[in-house]
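Note on naming: letters A, B, ... go to the chains in the order of the sequence lines (proteins, then strands), and numbering restarts at 1 for each one.
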Amino acid sequence: MTDLVAGPLLVALVAAITTLLARPRPRLQRGLSLLWGVGYLAVVALLFETVRTGGPLVYQLSGWPAPYGITFVADSLATLMLALAAVVSLAALAYSVLAIDEFGQSLSYHPLFHFMLVGVSGAFLTGDVFNLFVWFEVMLMSSYVLVAFYSGPDQTRAALQYLVLNLVGSGLMLLAIGGLYATTGTLNMADMARRLANAGQYGIDPAPVLGLSALLFVVFALKAGIVPFQFWVPETYRAAPAPVTAVLAGVVKKVGVYAIVRLYFTVFAAATLPASLALPGLSGRSFLAFYGPVLFLMSVASIVVGGVGAMNRGDVDGLLAYSSIGQIGFVVLPLAIAATASDPGVRALGITAALVYAVNHGLSKGTLFLASGAVRAETGTRSFDDLGGLATSAPVLSAAFFVSALSLVGIPPLTGFFGKLLVFDVAGQAGAWLALAVALAGAILTIGYVSRAWNRGFWGEPGAAVLGRTRRPRLVAVVVALALTLVAFGIGFDPLLSAAHAAAAAALDRTGYVDVVLGVIV
Amino acid sequence: MTQVLLALVLGFLFAVGTFLVLRRDVVRVVWGVTVISQAANLYLVTMGGVSGSAPIVGHGADPAGVTDPLVQALVLTAIVIGFGTTAFALVLTYRVYQEHGTIDTRDLARGGEGQ
């Protein structure tokens, strides 16, 4: 049964290799790619259900026991993120098969896409810090090539910026991991958590661990695109093909969020701050008390920079890219509240809110980027100046855009409503009035730029580009299908909420995580 | 003594890498990134201890006095990844030159303002 943990990884790896081998036969390659996309969703669903009913699963690579070998852990947190990845990537694959030109697809698109999924799955499943670095590299390597895919002037410039930033990030990550290994004596996350919880017994000085974890935090913040590490986001998202952008914004960004939740709430929270480093005015002595204010400032800056930046963009993709900076702030804000909260109930609620919001953002931003891609495929432009009147001329596509934009704003009964509600709820319960005010301002900014996008792109008199559009009904069908998931998860919100609750509990249950990984019978 | 020397070399390498990353020439930026990642590798090797004996069973030394072999395995992985990314970075630099006719970051940024 524990072999199932490696399932998503194997499916994605086999998909990448078979689509690489099938390059001489483009139709077969596209069919295989889609088939494996469905297979990935199926195996993730099976893993999700097994973990939901039977508790976390642990897979020791080559049978080496936990602190010595590499461990894969599938708990509620990892499977929730995998499920998001499976849904968004399947829609993006279906869209790619229809939208990317045939030569490009047969060249390298499908193997790269699946290798990116290999990296994403590995990052969600691994229980080893260095292994996390390796999966990050697998994911990034494919994403560099996918960002540069059309290799025009814009794409090469954006890809170069993305590449150099992430290479510097990788160097920093390697440094932080090396330092953590030297100070804690282990790379296994569970073992590290256990050692940090009894720092004195293992002779660990918490001060360098704090500095190294802060260095590692920079890398995750860069991956998640949180201010002040957001500057690569707009250009990269505008340059990449639409389905790749959907996966970058919907899934790859969430890998950074996942790593923050997993490492800082499960592992580093175990350590105690040295008295000289405790920030004034905060009572907690866990590392989380240090990261709470940091997360808070970064989330506030993200909400403001993203929201204000999205207001005056001249094209749909630029607006959506800035919006995803702002929305990631909404994911980090409840994490900041959870980090500073002393009440365990509020802390769990904060992580639940962050995860629900992350799932909502993954689905709605994925739909929006695909819809923007479909608008561009039909009209040949994404600039607001040339658009307008899409609502009358392309009602179905406009409706899909409208629904996912409303989910971003947070209108019931869509998923986004519950995401926003939980963020406000946790801010209220923690008595964090400043956070509540920031969230409110962010929500108003979201309404502002969404209505602006709607007014300029979809209302009014149809322009020449819109009137002369070529119909792509199958592309629109994919966009509509993904938009419907937002409605479905909104109306049937209970399964998502209980999955997020379980994931938050798994993230905070350090002893449970340590016991299950290190093989203690529970 | 070795530790002090290595610390100085590491500091020098990071300084050189940072200096190169901040240049306007894209090729130098790529070299800078490469130097930084190699410096990180060197740092990783020193974390395993520099004065122990070879970690081979039955080699004579007591188990407590051997150099940690794990970091060397990690560095091998990191070196291979570094090779791949450096090769890609250089090819991408060439593509940037083909598309823009320049590899000066300031000119590249100016090309972006027209959009």
Under 4.5 Å from any heavy atom of chain B, what part of [X] do you find: side chain, backbone, both or neither?
X: A:Ser151; value: both
X: A:Phe133; value: side chain
X: A:Ala148; value: side chain
X: A:Leu163; value: side chain
X: A:Leu140; value: neither
X: A:Val138; value: neither

*Assess B:Arg23 against B:Phe19: is NZ or CZ under 6.0 Å from the centre of the six-membered ring, and within 45 degrees of the ring's axis?*
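Ring-cation test returns yes.
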_Carboxylate-amine/guanidinium proximity below 4.0 Å for B:Asp107 and B:Arg24_ =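 Salt bridge between B:Asp107 and B:Arg24, a charged N being under 4.0 Å from a carboxylate O: no.
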*Show the numbers, then the answer: is there a salt bridge (Lys or Arg N to Asp or Glu O under 4.0 Å) between A:Asp154 and A:Arg238?*
CA-CA 9 Å; A:Asp154 285 354; A:Arg238 286 181 74 233; 5.3 Å; no
*asked:* Check for me whether the distance between the ring centres of A:Tyr181 and A:Phe130 falls short of 6.0 Å.
replied: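 No, the ring centres sit 6.0 Å or more apart.
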*asked:* Sort by residue number and list every residue of residues 114-123 of chain A having at least one heavy atom under 4.5 Å from chain B.
replied: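 Within residues 114-123 of chain A, no residue comes under 4.5 Å from chain B.
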*Quick one: side-chain hydrogen bond (donor to acceptor under 3.5 Å, both in side chains) pairs with a partner in residues 28-42 of chain B, sequence neighbours left out?*
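Output for this query lists B:Gln38-B:Asn41.
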*asked:* Can you classify the ring geometry of A:Phe72 versus A:Trp135 as parallel (below 30°), tilted (30 to 60°) or perpendicular (above 60°)?
replied: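 It falls in the tilted class, 30° to 60°.
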*Picking from A:Ser383, A:Gly314, A:Gly178, which has the most non-hydrogen pairs under 4.5 angstrom with chain B?*
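Of A:Ser383, A:Gly314, A:Gly178, A:Gly178 has the most heavy-atom pairs under 4.5 Å with chain B.
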